[in-house]
Amino acid sequence: MQEPIKNINIDLLVPFENHPFKKRDGIENEELKESIKENGLLEPIIVRSFSAGTYEIISGHRRVEVCKELGIKTVPSIIRDMTKDEAVIAMVDSNLQREHLLPSEKAFAYKMKLEAMKHQGKTYGQVVHKSRDSISDNESGRQVQRYIRLTHLIPELLKLVDEERIAFTPAVELSYLPENEQKILAEEIEYTDATPSLSQAQRLRKFSEQGRLSIDTIFAVLSEEKPNQKEQVKFKTEDIRKYFPKSYTSLDMQKTIISLLEKWQRQRERNRGEER
């Protein structure tokens with residue numbers, strides 16, 4: 001039976017509490033905006049009744065944000081009667097279908113779903129390993145566990161994972177370091193402009209478990225030349241930060257510098273052609 005659709009005032013829609021999925025900008029968001037602008041919202045969002053006459057969004061956060069930007073006042077919605085745990089599971093499942101999810105988004109989404117399923121009386125083994133009750137249809141229980149490990153990283157290191165400066169597998173190893181050691185590691189990564197390989201991350205974890213991890217040890221490991229390491233031109237972040245907006249990440253700055261160099265190269269080629 002088709003569920004009834006109700007047009008809800010957009011001001012009554014509230015984001016899901018502790019929503020782990022970040023707002024997207026770029027081409028994907030622009031395409032969604034153009035689609036809604038031309039055709040309206042074709043697919044209703046899913047909500048549940050919340051406090052004081054409001055509705056909590058289960059599925060459709062990006063669409064609601066775009067509607068707000070376009071000045072749309074009401075949003076077609078399906079209202080479902082759900083417990084908190086049922087809502088968490090539905091919210092995570094709907095968002096895990098999206099493309100280009102960041103490691104941090106998957107990590108906290110899987111953690112939220114795991115906790116909700118455990119509240120429903122399922123054991124950890126059932127949730128992670130049995131196909132009928134598993135957290136993910138696409139990834140193994142072991143991989144889900146590894147993603148959840150990332151939630152133990154401090155924000156500075158997790159950001160580097162999202163920016164692809166630290167690879168996923170080394171990041172899992174680093175998640176076992178205590179918070180104070182992770183903070184020292186983050187500072188040394190910034191200072192040396194180097195991130196640990198898998199073997200280096202495994203050694204750092206082993207040093208930590210032996211109580212032998214110090215600033216000097218971290219610096220020595222990060223300063224090692226990796227087998228596939230090529231000569232690099234390095235800039236100190238503080239030397240170039242002033243040329244970029246405050247919101248720019250290291251990855252944003254890198255992309256901008258490459259783009260400017262490409263324009264410079266094209267201009268040099270044009271100049272050489274004119275000189276001939």
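- Shown here for R165 and I189, the closest heavy-atom pair between the two residues is NH2-CG2, 4.1 Å.
- Under a hydrophobic clustering in which Ile, Leu, Val, Met, Phe, Trp and Tyr are joined whenever their side-chain heavy atoms come within less than 4.5 Å, directly or via other members, V47 and F50 fall into different clusters.
- The closest donor-acceptor contact from the side chain of E56 to the backbone of E17 lies under 3.5 Å.
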Return a table of donor-acceptor pairs under 3.5 angstrom between the side chains of residues 155-163 and protein atoms on other chains or two or more places apart.
| from | atom 1 | to | atom 2 | distance (Å) |
| --- | --- | --- | --- | --- |
| K159 | NZ | E163 | OE2 | 2.8 |
| D162 | OD1 | S104 | N | 3.1 |
| D162 | OD1 | S104 | OG | 3.3 |
| D162 | OD2 | S104 | OG | 2.6 |

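- Shown here is D81, whose CG atom has no more than 12 heavy atoms of other residues, nucleotides or ligands within 6.0 Å.
- Between I240 atom CD1 and Q254 atom CD the span is 9.5 Å, to the nearest 0.5 Å.
- Under a hydrophobic-cluster definition in which Ile, Leu, Val, Met, Phe, Trp and Tyr are linked whenever side-chain heavy atoms come within less than 4.5 Å, directly or via other members, Y110 and L153 are assigned to the same cluster.
- Within the 4.5 Å cutoff, no side-chain heavy atoms of L174 are placed close to those of Q182.
- Residues I89 and A116 approach most closely at CG1-CB, 4.0 Å, considering heavy atoms.
- For R62 (side chain) and L32 (main-chain N/O), no donor-acceptor pair under 3.5 Å exists by modelled atom type.
- Within a 6.0 Å sphere centred on NZ of K84, other residues, nucleotides and ligands contribute more than 12 heavy atoms.
- Cluster membership for I166 and I154, using ILVMFWY side-chain heavy atoms within less than 4.5 angstrom, is shared.
- Here the closest heavy-atom approach between residue P20 and residue M112 is recorded as CD-SD, 3.8 Å.
- Side chains of V75 and R63 form no contact here, defined as non-hydrogen atoms less than 4.5 Å apart.
- Proximity of a side-chain donor or acceptor of S175 to a complementary backbone N or O of V172 within less than 3.5 Å is detected.
- Ring-plane geometry between H61 and H19 is classed as perpendicular, the angle between the planes exceeding 60 degrees on a 0 to 90 degree scale with a lower cut at 30.
- Under the side-chain contact (heavy atoms from CB on, under 4.5 Å) criterion, T169 pairs with R146, L198, not counting sequence neighbours.
- Within the structure, every pair that satisfies the salt bridge (charged side-chain N to carboxylate O under 4.0 Å, His left out) test and touches residues 195-204, not counting sequence neighbours, is listed here: R203-E224.
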Exercise for review: Decide side-chain contact (heavy atoms from CB on, under 4.5 Å) for H152 and R149; before the verdict, give the C-alpha distance in whole Å, the side-chain angles of both, and the deciding distance to 0.1 Å.
Suggested key: CA-CA 6 Å; H152 295 272; R149 277 301 320 173; 3.6 Å; yes
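- Remark: K106 NZ to L96 CG distance equals 7.5 Å, nearest 0.5 Å.
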Check your understanding: Could you go step by step and tell me if F244 and I257 meet the side-chain contact (heavy atoms from CB on, under 4.5 Å) rule?
Key -> CA-CA 10 Å; F244 296 91; I257 291 170; 3.8 Å; yes
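- Atoms CD1 and CD1, from I79 and I45 in turn, are 9.5 Å apart once rounded to the nearest 0.5 Å.
- Cluster membership check: L213 shares its hydrophobic cluster with L222, using side-chain heavy-atom separations under 4.5 Å among Ile, Leu, Val, Met, Phe, Trp and Tyr.
- Remark: the backbone N or O of A220 is not paired with any side-chain donor or acceptor of S223 at under 3.5 angstrom.
- V144 and F21 fall within a single hydrophobic cluster, where Ile, Leu, Val, Met, Phe, Trp and Tyr are joined by side-chain heavy atoms under 4.5 Å apart, directly or via other members.
- Here the side chains of R48 and I58 are in contact, with some heavy-atom distance below 4.5 Å.
- Scanning for ring-ring contact (aromatic ring centres under 6.0 Å, His included) contacts around F219 gives an empty result, with sequence neighbours left out.
- Shortest non-hydrogen contact noted between Q200 and T195 is OE1-O, 4.0 Å.
- Here the closest non-hydrogen pair linking P170 and P196 is CB-O, 3.8 Å.
- The distance from atom OG1 of T217 to atom CZ of R212, rounded to the nearest 0.5 Å, is 7.5 Å.
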Check your understanding: Would L41 and C67 count as a side-chain contact (heavy atoms from CB on, under 4.5 Å) if you check the C-alpha gap in whole Å, the side-chain angles of each, and the deciding distance to 0.1 Å?
Key -> CA-CA 8 Å; L41 194 57; C67 286; 4.2 Å; yes
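- With respect to E187 and K183, no salt bridge is recorded, no charged nitrogen being found less than 4.0 Å from a carboxylate O.
- The number of heavy atoms from other shown groups lying within 6.0 Å of CD (E38) is above 12.
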Contacts under 3.5 angstrom, residues 4-16 side chains, donor-acceptor by atom type, not counting sequence neighbours:
| from | atom 1 | to | atom 2 | distance (Å) |
| --- | --- | --- | --- | --- |
| K6 | NZ | Y55 | OH | 3.4 |
| N9 | OD1 | D11 | N | 2.8 |

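- Here the CD atom belonging to E65 is positioned 7.0 Å from the CD atom belonging to E69, to the nearest 0.5 angstrom.
- Rounded to the nearest 0.5 angstrom, E209 CD and L177 CG are separated by 9.0 Å.
- Among residues at least two apart or in separate chains, side-chain hydrogen bond (donor to acceptor under 3.5 Å, both in side chains) pairs with a member in residues 71-80 are E3-R80.
- Among all heavy-atom pairs drawn from M82 and A87, the shortest one is SD-CA, 3.7 Å.
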